[in-house]
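Just the heavy atoms: all of them, side chains too, but no hydrogens, waters or symmetry mates, feed the values below.
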Amino acid sequence: MGNTSSTAKAMSEKQTSVQYSSIIRSATFQELLRRKKAFIVPYSIFFFLFYFTLPIMTSYFQVLNKPAFGAITWAWVFAFCQFIMTWGLCIIYSRKSRQFDELVEKIKQETGGKSA
């Protein structure tokens, strides 16, 4: 009886790996990867550049140490803008992820996967 159980498990694993292979080769999955990469790479580059500009500018340059509003320097304004930028990117990604989710559902329908 133990042999039948292990055989069924092995066949199930083989079917799963075949299904994953067909999903990876599908045009819809390739479109999903292309769209995600086209979105994530530029936004990540922007985020890291914006994020690391503050410590670099405050460490090596004096431009952000000048007063912006009374005793508040441009470094504080820039730091506050980083919070706004982070929330903004989160909102943008949340909206864009709906399109990614639609592609995932389409892939599930094409391959006979379970829908959420």
Side-chain angles (χ1 to χ4, degrees):
M1 284 191 194
N3 190 18
T4 307
S5 175
S6 63
T7 305
K9 184 178 178 182
M11 291 192 66
S12 174
E13 288 175 1
K14 185 176 180 181
Q15 288 174 345
T16 303
S17 67
V18 171
Q19 185 179 8
Y20 286 136
S21 297
S22 65
I23 291 170
I24 291 169
R25 288 187 302 251
S26 74
T28 310
F29 184 77
Q30 294 300 318
E31 176 71 12
L32 174 65
L33 290 180
R34 185 189 65 73
R35 285 188 185 184
K36 284 184 83 169
K37 185 177 180 180
F39 176 78
I40 291 172
V41 169
Y43 277 85
S44 296
I45 291 169
F46 169 75
F47 173 81
F48 284 115
L49 287 175
F50 195 87
Y51 179 80
F52 286 112
T53 298
L54 179 63
I56 291 170
M57 292 292 284
T58 55
S59 296
Y60 299 107
F61 303 99
Q62 296 296 318
V63 74
L64 293 179
N65 293 336
K66 296 179 180 163
F69 310 104
I72 299 173
T73 64
W74 284 106
W76 284 101
V77 173
F78 194 91
F80 181 71
C81 287
Q82 286 186 338
F83 284 98
I84 295 169
M85 181 264 313
T86 302
W87 279 98
L89 288 179
C90 289
I91 291 167
I92 291 169
Y93 181 77
S94 295
R95 291 180 180 164
K96 188 71 172 174
S97 68
R98 291 182 193 128
Q99 295 174 4
F100 301 148
D101 291 344
E102 290 171 6
L103 282 173
V104 168
E105 289 302 317
K106 185 176 178 183
I107 291 167
K108 286 180 181 179
Q109 290 172 358
E110 290 174 357
T111 59
K114 293 181 181 177
S115 213

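Counting heavy atoms of neighbouring residues, nucleotides and ligands inside a 6.0 Å radius, atom CZ of F100 exceeds 12 of them. In this structure, F47 places its CZ atom where more than 12 heavy-atom neighbours from other residues, nucleotides or ligands lie under 6.0 Å away.
Closest non-hydrogen pair, L54 versus A79, comes out as CD2-CB, 3.8 Å. When all heavy atoms of P67 and G70 are compared, the pair lying nearest together is CB-O, 3.4 Å. Here the closest non-hydrogen pair linking I24 and Q30 is O-NE2, 2.6 Å. Minimum heavy-atom separation, T73 to L64: CB-O, 3.5 Å.
For the pair V77 and W74, the minimum side-chain heavy-atom distance is below 4.5 Å.
Other members of the cluster containing F83 do not exist, because no ILVMFWY side chain is joined to it at under 4.5 Å.
Separating the NZ atom in K96 from the CD1 atom in I40 is a distance of 10.5 Å, to the nearest 0.5 Å. The OG atom of S44 sits 12.0 Å away from atom NZ of K37, with the distance rounded to the nearest 0.5 Å. With values rounded to the nearest 0.5 angstrom, I91 atom CD1 is found 11.0 Å from T86 atom OG1. Note that CE of M85 and CZ of F78 are 8.0 Å apart. Values are rounded to the nearest 0.5 Å.
Side-chain contact, E110 with T28: a donor N or O sits under 3.5 Å from an acceptor N or O. Donor-acceptor pairing under 3.5 Å is lacking for the side chains of K106 and Q109.
Taking the salt bridge (Lys or Arg N to Asp or Glu O under 4.0 Å) definition, one finds that R95 meets it with nothing, sequence neighbours left out.
Remark: the backbone N or O of I56 is not paired with any side-chain donor or acceptor of S59 at under 3.5 angstrom.
With hydrophobic clusters built from ILVMFWY side chains whose heavy atoms lie under 4.5 angstrom apart, F80 does not share a cluster with W76. Using a 4.5 Å cut-off between side-chain heavy atoms of Ile, Leu, Val, Met, Phe, Trp and Tyr, with links allowed through other members, F46 and F52 fall into the same hydrophobic cluster. With hydrophobic clusters built from ILVMFWY side chains whose heavy atoms lie under 4.5 angstrom apart, F50 shares a cluster with F61. Clustering ILVMFWY residues whenever any of their side-chain heavy atoms sit less than 4.5 angstrom apart, transitively, puts I84 in a cluster other than the one holding F48. Each of Y51 and L49 belongs to its own hydrophobic cluster when Ile, Leu, Val, Met, Phe, Trp and Tyr are linked at side-chain heavy-atom distances under 4.5 angstrom.
Of the candidates L103, I23, T111, V104, I23 is the only one forming a side-chain contact (heavy atoms from CB on, under 4.5 Å) with F29.
Look at R98 and E102 and you find no salt bridge, because none of the NZ, NE, NH1 or NH2 atoms lies under 4.0 Å from a carboxylate O.
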